[in-house]
Every structure is written in C-alpha cells, then in structure tokens.
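Step one of this worksheet: look at the structure below.
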Amino acid sequence: MVSTSPPLADALAAGPVVLDGGLSNQLEADGHDLGDALWSARLLAEEPEAVVRAHQAYYEAGAQVAITSSYQATFEGFARRGIGEERAAELLGRSVELAREAARRALAGGVAGPLYVAASAGPYGAMLADGSEYRGRYGLSVDELERFHRPRLEALAAARPDVLALETVPDAEEARALLRAVRGLGVPAYLSYSVAGDRTRAGQPLAEAFAVAAGADEVIAVGVNCCAPDDADRVVPLAARVTGKPVVVYPNSGESWDAGARAWCGEAAFRADRVAAWAADGARLIGGCCRVGPDAITALAAGLGR
C-alpha cells in the first residue's frame, strides 16, 4: 500500500500539488487505439499493464497525483459490452489498483512521495459518448443523475482512492447530483467543471456553479479542467473567492478538436510559466488535461518548485 500521509487535503493546505496530464494521449503515444465508446476504460480489462505504464510515466515526470482511467467507465457502458455488474465493479476498483501499482513502481524507482490516486468519475454525458458531456442539459432531474452516479462512486470509493475526481462536469445541476452522491462514502472529492469563458458548458454563470460546492464538507478543491488555458487564467481567482476552498485546475493544451477531420488543430497555449500565477490566485491542485503530456508536467512541476 502506498503511503498517503499527509492526507491530500493537508498537502493542499501546505502548498501546490502537481496533477498528471492527459492519460489518453500518453496511452495513444504508446500505440493504443482509444477510438471506442469506453475510451481508456477499455484497457482496464484488455491491457491493464498499459494503464500502469501510462500512470508511471506521469509520476516519473513529476506528477504527485494520478487520475484513474475510469472517466468513461460506468455500469451502463460496460453492460453494453456484455459485462455484468459484478465484473464492472471489479474493473472500476481495478482502475484505482493500477494507479496504486504505478505509484509503487515509481517510488521503488526513486520518485519522492507521497504519491496520490484520484478516482475519476466523468459526467453522465461521457457514458453516452456522443459529445453531450460538453453540453450538459441532458433532460434528467438531479435525483435521476444522483441515481446514475452513486453506484459507480460507491465502487470507486470501495477501492480507497485518496480523492474522488468529479471532473469535466458541464452543468451545475449535475454538480448538485454528484455532491449528493458522494455523501457518506468516506472519501473526499474534488469538483471540476468544463467551461467556456465565464460560464459552464450548460451556460450557467460560474460564480453560481462554484457556489454549489462552497458548503460541501466532502469537497477539498473546486475548479476547472478540459478548458482553454486562457479560461483557467480567468476562473481560478473566481473559484477561490466564491468557495474559499483550494482550487483545482488542469486545462487542455489549447488546441481544438476538429470532429470532422478527427484531428487536433491550432497551436498549444499550455505553458509552464502560467502556473505560478494560478498558484498565486489560489490554485493548489494543478496539472493538465487533453494533449498535455509528461514533458509538460515536468516543466509545470519545475515551475512550482517541485
């Protein structure tokens, strides 16, 4: 078992902690095809060693926290592949175990600890795999969304990650459901919205969206991910001011996805010299999302003095 003393919340209180980068791009760089509705979760069953290696690459690059490959792993998604509930729960737990194994290997290789594991729970739209995770407004009630999220969060929490990563949430109503779903699980969580400018992807003002988590004792950090770096510049101080909590921030590279061409386009705008400003504005859990690889995390960690 990897030592996680001090708890992640205490580490955040002491200063910035480095998150990893995009797990999918590291897996693709290693030659794995993720063109699948389960995305990286497919490898939990088929090629678990590939997931370990990808996590280890980020730990060795300077990340202190690895986000598991469970973003798109749901009971419903697995069921469509003929995977029953018991096996699906095992695979969700495996996502945490694989990150733990990567941490063990990194520590054995001389990486300084402690190293942490964040169990990823993506939004409802990620299960649909139709792009609605970037729109929200699914037509479901908060109660219905809570019933969707709770079983998966229970399975992830049973594997005892250091934190539950409620990430890429497009809608403040879904955030309410997620915060209800994590109550009583005994594992802290962070809440991270996907945003466009000063609003959630569903169009709510971010000040209102962040306020949803302000009084949630389970939540140790609030912020944004899977957004443009320029958006991160603007919203980090807002999240800190509204919630009084440490801020989590891990934007994309700044490139944009062309769905028609199935290719990334534009120039990368993720620069390590931005992270000091994020930290000064209240960011304490800092990393990268899509198209941000190990080299960028190494530069980010150096920029934070890690």
Side-chain angles (χ1 to χ4, degrees), residues 12-13 15-22 65 67 71 118 120-123 125-126 133-137 163-176 178-179 189-216 219-257 266-292 296-297 300 303-304:
L12 297 180
V17 173
V18 180
L19 270 171
D20 61 6
V65 183
I67 302 173
Y71 174 81
S120 173
E133 65 193 287
Y134 298 109
R135 299 189 299 270
R137 304 292 189 182
V163 66
L164 294 165
L166 314 178
E167 59 174 350
T168 327
V169 179
D171 192 324
E173 293 305 295
E174 185 165 23
R176 293 181 195 279
L178 282 160
L179 295 181
Y190 73 71
L191 174 65
S192 182
Y193 287 100
S194 63
V195 303
D198 63 353
R199 292 181 176 263
T200 67
R201 291 283 185 167
Q204 298 113 340
L206 277 178
E208 295 177 13
F210 290 140
V212 169
V219 175
I220 61 173
V222 179
V224 295
N225 76 289
C226 207
C227 61
D230 286 347
D231 288 337
D233 292 344
R234 290 187 288 267
V235 303
V236 167
L238 176 64
R241 184 170 67 252
V242 169
T243 68
K245 294 178 181 287
V247 176
V248 54
V249 56
Y250 50 116
N252 295 333
S253 68
E255 298 161 274
S256 59
W257 175 252
E267 295 185 4
F270 185 97
R271 301 189 312 273
D273 59 5
R274 308 177 87 127
V275 302
W278 296 341
D281 285 336
R284 291 295 177 269
L285 196 52
I286 306 173
C289 202
C290 300
R291 303 283 287 177
V292 177
I297 295 304
L300 183 155
L304 294 173

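For this chain, numbers begin at 1 and follow the sequence in order. Both backbone and side-chain heavy atoms feed into the values below; hydrogens, waters and symmetry mates do not.
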Where Pro16 and Ala279 come nearest, the two heavy atoms and their spacing: CG-CB, 4.0 Å
Could you tell me which non-hydrogen atom of Glu173 sits nearest to which non-hydrogen atom of Gln204, and how far apart they are? N-NE2, 4.0 Å
Measuring from atom CG of Leu285 to atom CD1 of Ile220, what distance do you get when rounded to the nearest 0.5 angstrom? 7.5 Å
Closest heavy-atom contact between Gly197 and Arg234? CA-NH2, 4.2 Å
Rounded to the nearest 0.5 Å, what separates atom SG in Cys226 from atom CG in Asp231? 11.0 Å
Would a 4.5 Å heavy-atom cut-off, applied to side chains only, mark Pro246 and Tyr190 as touching? no
Among Ile286, Val249, Asp230, find the residue that satisfies the side chain to side chain contact (heavy atoms under 4.5 Å, CB included) test when tested with Arg274. Asp230
The complete set of side chain to side chain donor-acceptor pair (under 3.5 Å) pairs with one or both residues in residues 277-288, sequence neighbours excluded, reads Asp233-Trp278
How close do Leu12 and Ala221 get, counting heavy atoms only, and between which atoms? CD1-CB, 4.4 Å
Is there side-chain contact between Leu300 and Leu19, with at least one heavy-atom pair below 4.5 Å? no
At their closest point, which heavy atom of Cys227 faces which heavy atom of Pro251, and how far apart are they? O-CB, 3.3 Å
With a 3.5 Å cut-off and sequence neighbours excluded, list the donor-acceptor pairs that the side chains of residues 205-213 form with protein atoms.
none

Decide yes or no for Val248 and Asn225: does some side-chain heavy atom of the first lie under 4.5 Å from some side-chain heavy atom of the second? no
Any side-chain heavy-atom pair of Tyr250 and Ile67 under 4.5 Å: yes
Which residues pass the side-chain contact (heavy atoms from CB on, under 4.5 Å) test with Glu174, not counting sequence neighbours? Pro123, Tyr124, Tyr138, Leu145, His149, Val169, Pro170, Asp171, Leu178
Starting at CD of Glu167, measure out to CD of Glu133 and round the result to the nearest 0.5 Å. 10.0 Å
